[in-house]
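Since the structure comes first, as structure tokens, the remarks are kept for the end.
Computed from a predicted structure; not experimentally measured. Atoms within a ligand are numbered from 1 in the order they appear, just like the ligands themselves.
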Amino acid sequence: MHDNIEKIIVSQDEIQEIVARLGQQLREDYQGKNPIFICILKGAVMFMTDLVRAYDDFSEIEFMDVSSYGDELESSGEVKIIKDLDVPVKDRNIVIVEDIIDTGRTLDALIKLLTTRGAASVKICTLLSKPAHRILDVHVDYVGVEVPDEFLVGYGLDYRNQYRNLPYVGVLKPEVYA
Ligand code: 5GP
Ligand code: MG
Ligand code: MG
């Protein structure tokens, strides 16, 4: 285990099981639909690359980078697009791939955006869900695992752009923030 990690919340084995389960479920649900998996940068990169290999059927992968407008108090669900898609989504079946859903603001805004652009369907697949912080009641179709209300790093999730490469999801030691 990395020196700065206090405890592991989702182990490497658990991640593998989650990815296999969600990949199979998606494959059954999207048979013949050639979905576009949209990875939300950068946190969902690890999950995305494992998930599409577990999915193992006709599909496309695309990337978007978004950030929430303003601070937590002000955010109205508007997201700022830092990197947009370079393909049309009209009449396509979309699966948004996220690392974690917290307040739900990012995903709520993304679903609205892609729906406005004419997507045939927009569903969400998230590795982690933090129900304690949910502000918007976003329907999440595919959830890996629910996690406690703690700041998590690893398997894509960062603290100041570090720790994304850990193969598990964990909590940092308090002194790391000091
Ligand atoms: P939401 O719009 O659901 O509040 O925001 C979700 C985003 O907040 C995630 O994609 C992620 O970037 C960030 N986030 C939320 N909780 C955590 C966490 O525990 N650790 C890290 N590293 N990022 C988080
Ligand atoms: Mg994210
Ligand atoms: Mg981050």
Side-chain angles (χ1 to χ4, degrees), residues 1-12 14-15 18-19 22 26 36-52 61-85 94-116 122-178:
M1 191 159 86
H2 192 288
D3 276 351
N4 290 355
I5 294 292
E6 181 168 79
K7 60 178 176 197
I8 292 177
I9 301 289
V10 191
S11 72
Q12 229 173 320
E14 286 171 281
I15 290 172
I18 289 167
V19 167
L22 293 179
L26 285 160
I36 305 180
F37 289 100
I38 300 180
C39 171
I40 308 306
L41 295 168
K42 302 168 192 167
V45 166
M46 313 294 170
F47 180 43
M48 171 76 152
T49 59
D50 286 342
L51 185 71
V52 293
I61 63 172
E62 296 293 339
F63 297 85
M64 270 182 104
D65 194 356
V66 298
S67 82
S68 305
Y69 259 125
D71 60 31
E72 262 171 50
L73 296 172
E74 287 185 309
S75 170
S76 56
E78 244 182 308
V79 292
K80 180 175 169 188
I81 298 174
I82 297 170
K83 182 214 174 293
D84 204 345
L85 296 170
I94 307 297
V95 180
I96 299 173
V97 181
E98 253 290 26
D99 49 0
I100 185 166
I101 174 162
D102 190 20
T103 64
R105 284 182 175 127
T106 313
L107 285 174
D108 183 67
L110 269 175
I111 292 169
K112 285 179 182 145
L113 176 70
L114 297 174
T115 303
T116 304
V122 183
K123 292 199 174 180
I124 295 168
C125 180
T126 186
L127 175 70
L128 310 171
S129 174
K130 251 187 205 174
H133 270 185
R134 201 64 41 85
I135 290 173
L136 295 174
D137 185 24
V138 181
H139 180 71
V140 187
D141 306 273
Y142 304 91
V143 180
V145 65
E146 291 194 347
V147 289
D149 186 13
E150 291 181 274
F151 189 79
L152 306 172
V153 298
Y155 196 63
L157 294 156
D158 74 304
Y159 172 59
R160 298 189 171 169
N161 260 325
Q162 291 291 320
Y163 308 105
R164 293 192 198 275
N165 58 333
L166 297 178
Y168 47 80
V169 174
V171 176
L172 289 169
K173 291 178 180 164
E175 59 262 34
V176 178
Y177 302 107

Query - Closest to atom 10 (O) of ligand 1 (judged by heavy-atom distance), picking from D99, V171, I135 - result: D99
Requested in this report: Check each atom of ligand 1 against the heavy atoms of F151 and keep those under 4.0 Å away; list them by number with element.
Outcome: 18 (C), 19 (O), 20 (N), 21 (C), 22 (N), 23 (N)
Query raised in the report: Is the closest N or O pair between G104 and ligand 1 shorter than 3.5 Å?
Result: yes
Query raised in the report: Near T106, which atoms of ligand 1 are under 4.0 Å from a heavy atom of that residue?
Result: 1 (P), 2 (O), 5 (O)
Report task. With 2.8 Å as the limit, jot down which protein N, O or S atoms are around the Mg ion (ligand 2). Result -> E98 OE1, D99 OD1
Report summary line: Checking heavy atoms under 4.0 Å, the part of E98 that sits near ligand 1 is side chain
Requested in this report: Output the list of atoms in ligand 1 that are nearer than 4.0 Å to some heavy atom of L157, sorted by atom number.
Outcome: 21 (C), 22 (N), 23 (N)
Query raised in the report: Nearest to atom 11 (C) of ligand 1, what protein heavy atom do you find, and at what distance?
Result: I100 CG2, 3.7 Å
Query - Side-chain heavy atoms of I40 within contact of F63, under 4.5 Å - result: no
Query raised in the report: Which heavy-atom pair separates P131 from V147 by the least distance, and what is that distance?
Result: CD-O, 3.9 Å
Query raised in the report: If you draw a 6.0 Å radius around CG in N161, do more than 12 non-hydrogen atoms from other residues or ligands fall strictly inside?
Result: yes
Query - Distance-only N or O hit between ligand 1 and V153, under 3.5 Å - result: no
Report summary line: Nearest heavy atom to atom 19 (O) of ligand 1, choosing from K130, R160, R164, belongs to K130
Query raised in the report: If we only count N/O pairs under 3.5 Å, is D102 in contact with ligand 1?
Result: yes
Query raised in the report: What protein heavy atom sits nearest atom 4 (O) of ligand 1, and how far off is it?
Result: T103 OG1, 2.5 Å
Report task. Please report the closest heavy-atom contact between I124 and H139, naming both atoms and the distance. Result -> CD1-O, 3.8 Å
